[in-house]
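Notes for the one structure printed next.
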Amino acid sequence: MLLGVNIDHIAVLREARRINDPDPLDALGIVKRAGADQITIHLREDRRHIHDEDAKRIVALSPLPVNLECAMAPQMLEIATTLLPHRVTLVPEKREEVTTEGGLDVKGYFAPLKEAVKGLQAHGIEVSLFIDPTKETVKLSQALRVEWVELHTGAYANLYAMLYGNLTSSHHSIKALELPRPTLKTLLEASLKELEDAATLAASLGLKVAAGHGLNYHNVEAITRMGAIEELNIGQSIIARSVFTGLKEAVVRMRELVR
Ligand code: PXP
């Protein structure tokens with residue numbers, strides 16, 4: 001299974017001081033030497049972490065393929081077709097959200113997505129859609145002729161955290177859900193089945209399947225057992241661990257889990 005490391009959070013730390021340090025560019029060689037397969041960055045419309053100049057330097061200098069996540073806004077598509085990363089992952093974006101909280105509304109935005117996908121592919125960029133793990137979104141994605149889908153694992157990760165991670169419903173990204181443990185377990189199993197079914201369907205339709213969001217050193221194992229998933233993109237947990245262990249160890253440890 002391929003491992004993409006999302007390095008946005010290095011820029012989050014930099015932006016806390018609005019200086020030049022730490023520079024996400026410095027992560028590229030370390031991430032490669034630690035055994036990862038891809039660099040993932042999210043150029044948000046509000047530029048709250050990765051900036052245009054970061055994206056430009058990272059795409060130009062990365063020793064690994066770069067997966068650029070962005071919204072399908074015309075300005076972002078123009079940047080993508082100028083920078084020419086290996087892959088663009090189209091994601092939904094709301095300014096007020098802390099992180100990408102759901103998958104694309106593929107049905108509602110089918111026509112503009114079609115245009116966006118065609119435009120990117122015409123520049124030789126492979127396209128992925130960040131989607132919720134449902135059969136409908138997978139089928140619609142195939143109809144858009146993208147190369148990849150990335151299944152949103154956030155619902156699974158939140159349920160896992162509620163069951164095993166001792167997190168309370170006050171955690172910002174987890175909606176209040178005060179349910180008995182057996183119910184949470186049933187929901188967790190259902191979310192895994194949903195992911196596996198969506199991945200299997202996507203692979204059977206000829207799509208390459210990635211997954212990501214909220215994955216960490218504890219919850220990733222169940223996802224790595226899904227044969228139809230070819231790649232995971234993981235950011236927050238790796239960069240959080242790297243504060244204590246260094247980036248190399250944090251990526252090496254995740255690499256050991258993502259086989
Ligand atoms: N994949 C996509 C499409 C994302 O938007 C994100 C978050 O930027 C990730 C993966 C990584 O999520 P996390 O930082 O929770 O590991």
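For ligands, and for the atoms within them, numbers begin at 1 and follow the listed sequence.
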Original post:
Got an N/O contact under 3.5 Å between Leu215 and ligand 1?
Top reply: no

Original post:
What about Ser237: any of its N or O atoms under 3.5 Å from an N or O on ligand 1?
Top reply: no

Original post:
Between the side chains of Glu147 and Gln121, does any donor sit under 3.5 Å from an acceptor?
Top reply: yes

**OP:** Can you sort out the partners of Ala80 under side-chain contact (heavy atoms from CB on, under 4.5 Å), two or more places apart, ordered by chain and number?
**Re:** Leu68, Val88, Leu120

Subject >> For Ile234, the ligand 1 atoms whose distance to one of its heavy atoms is below 4.0 Å >> reply: 16 (O)

Can I get a per-line list of side-chain donor-acceptor pairs under 3.5 Å for residues 189-196, giving both atom names and the distance, sequence neighbours left out?
from   : atom 1 : to     : atom 2 : distance (Å)
Ser191 : OG     : Leu188 : O      : 2.8
Lys193 : NZ     : Asp197 : OD1    : 3.4
Lys193 : NZ     : Asp197 : OD2    : 2.6

**OP:** Determine yes or no for a side-chain-to-main-chain donor-acceptor pair under 3.5 angstrom, with Asn216 supplying the side chain and Ala157 the backbone.
**Re:** no

Subject >> Gly235-ligand 1 polar pair, N/O distance under 3.5 Å >> reply: yes

Subject >> Under 3.5 Å: donor-acceptor pair, side chain of Arg47, backbone of Arg44 >> reply: yes

**OP:** Indicate yes or no: does an N/O atom of Glu150 lie under 3.5 Å from an N/O atom of ligand 1?
**Re:** yes

Subject >> Mode of Glu69 contact toward ligand 1 - side chain, backbone, both, neither (heavy atoms, under 4.0 Å) >> reply: side chain

**OP:** Any atoms of ligand 1 less than 4.0 Å from a non-hydrogen atom of Asn233? List them with their elements.
**Re:** 10 (C), 11 (C)

Original post:
With respect to Trp148, which candidate in Glu231, Glu230, Glu126 satisfies the side-chain hydrogen bond (donor to acceptor under 3.5 Å, both in side chains) definition?
Top reply: Glu126

Subject >> Distance filter under 4.0 Å to Gln236 heavy atoms, resulting ligand 1 atoms >> reply: 13 (P), 14 (O), 16 (O)

